Amino acid sequence: AQTVTQSQPEMSVQEAETVTLSCTYDTSESDYYLFWYKQPPSRQMILVIRQEAYKQQNATENRFSVNFQKAAKSFSLKISDSQLGDAAMYFCAYIHAGGTSYGKLTFGQGTILTVHP
Amino acid sequence: DARVTQTPRHKVTEMGQEVTMRCQPILGHNTVFWYRQTMMQGLELLAYFRNRAPLDDSGMPKDRFSAEMPDATLATLKIQPSEPRDSAVYFCASGLVPGAYGYTFGSGTRLTVV
């Protein structure tokens, strides 16, 4: 079964600084999608960024970027110029693009990010 | 913006009572998920449907939980009888397979069983 691992239960960063959240995954598939979701205290799940496994280019969305290492099965999230509003729980997630679990979404355990003013 | 609507937002019930949570997926979405979030277990997949047919409910305690999609605009998750260990936030999400753009989540139902 596919698993997603976030080894950092908690991280902290100073406002305006950069922080990187780690994620690794285990899969035998060659085609899949990876995501980072943000869950602020309001508990709403918000999609931050997405990456298609067949694309080598790392995705970027404004201050958010990923470092996708397919061979290493690693998918880290970098937040630049951190803002107080970035404080939240961040989940790494995997979607199967084929096979018997086609479309199934699996989450990592989450990383709580604290932003200090 | 289109949204996934979950009701109720909060529910407090006594042990042994039946609980029904409802989800209205985004119109046109063909895949619906139910997740449970707790501090100890994180986000657990309970069940998911495609075109209203159940695909995988292996994460759901079968003896007390049931999930259905009576029509394309409604998904339900029932717990009968409820137990204190069922206290959690339950999320519904919908989207179009294969999910290349992710799935959209509802605001969740916070269930407390006393």
Side-chain angles (χ1 to χ4, degrees), chain A residues 1-10 23 27 29-55 59 61 64 66 75 77 88-112, chain B residues 1-6 8-11 23 25-26 29-60 88-112:
Chain A
Q2 281 68 21
T3 58
V4 180
T5 302
Q6 293 177 249
S7 59
Q8 306 154 317
E10 296 182 29
C23 173
T27 185
E29 298 175 340
S30 60
D31 197 13
Y32 47 88
Y33 305 102
L34 295 165
F35 304 85
W36 281 95
Y37 278 86
K38 170 185 177 181
Q39 186 181 39
S42 67
R43 82 172 183 239
Q44 182 66 48
M45 295 287 285
I46 302 165
L47 180 61
V48 174
I49 198 166
R50 54 182 287 272
Q51 175 79 42
E52 292 155 328
Y54 62 85
K55 288 188 176 179
E61 288 287 343
F64 298 87
V66 299
F75 183 62
L77 174 69
M89 173 84 88
Y90 286 82
F91 290 96
C92 180
Y94 172 109
I95 290 181
H96 304 245
T100 56
S101 296
Y102 179 62
K104 182 178 179 179
L105 173 63
T106 301
F107 285 97
Q109 305 91 322
T111 297
I112 298 172
Chain B
D1 285 343
R3 60 176 64 185
V4 175
T5 303
Q6 286 188 249
R9 186 161 172 80
H10 305 276
K11 176 72 175 179
C23 169
I26 292 173
H29 282 182
N30 62 359
T31 302
V32 175
F33 296 82
W34 282 105
Y35 289 89
R36 175 170 63 182
Q37 184 177 25
T38 61
M39 290 293 291
M40 295 300 294
Q41 300 297 327
L43 277 161
E44 302 173 272
L45 176 63
L46 297 176
Y48 73 108
F49 297 79
R50 182 160 314 128
N51 298 321
R52 297 175 53 203
L55 289 185
D56 183 356
D57 61 1
S58 60
M60 198 164 64
V89 178
Y90 291 80
F91 285 101
C92 174
S94 74
L96 288 168
V97 288
Y101 296 92
Y103 296 114
T104 303
F105 281 75
S107 300
T109 294
R110 179 177 293 280
L111 174 66
T112 303

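First the proteins, then the strands, lettered A, B, ... as listed; each starts at 1. Bear in mind that the values here come from a model prediction, so they are computed numbers and not experimental data.
- Residue contact with chain A, scored on non-hydrogen atoms closer than 4.5 Å, is absent for B/E44.
- When heavy atoms are compared at a cutoff of 4.5 Å, B/Y101 approaches chain A by way of both its backbone and its side chain.
- Residues B/P98 and A/A97 share a closest heavy-atom pair of CB-CA, 4.4 Å.
- Atom CD of B/Q37 sits about 9.0 Å away from atom CZ of A/F107, to the nearest 0.5 Å.
- Interface remark: of the candidates A/R50, A/R43, A/Q109, A/R43 forms the most heavy-atom pairs closer than 4.5 Å to chain B.
- With values rounded to the nearest 0.5 angstrom, A/Q39 atom CD is found 9.0 Å from B/F105 atom CZ.
- The neighbour count for B/R3 CZ, taken as heavy atoms of other residues, nucleotides or ligands under 6.0 Å away, does not exceed 12.
- Neither the backbone nor the side chain of A/Q6 comes within contact range of chain B; no heavy atoms are under 4.5 Å apart.
- Between B/F33 and A/K104, the shortest heavy-atom contact is CE2-CA, 4.2 Å.
- Heavy-atom distances place the side chain of A/Y37, and not its backbone, under 4.5 Å from chain B.
- In terms of heavy-atom proximity, B/Y35 sits nearest to A/L105 at OH-O, 2.7 Å.
- Between B/Y48 and A/Y102, the shortest heavy-atom distance links the atoms OH-O, 4.1 Å.
- Using a 4.5 Å cut-off between heavy atoms, B/T31 does not touch chain A at all.
- Counting heavy-atom pairs closer than 4.5 Å to chain A, the top-ranked of the candidates B/G102, B/S107, B/A100, B/G99 is B/A100.
- The contact between B/R50 and chain A is made entirely by side chain atoms (from C-beta outward), counting heavy-atom distances below 4.5 Å.
- Contacts between A/L47 and chain B at a heavy-atom distance below 4.5 Å involve the side chain alone, from C-beta outward.
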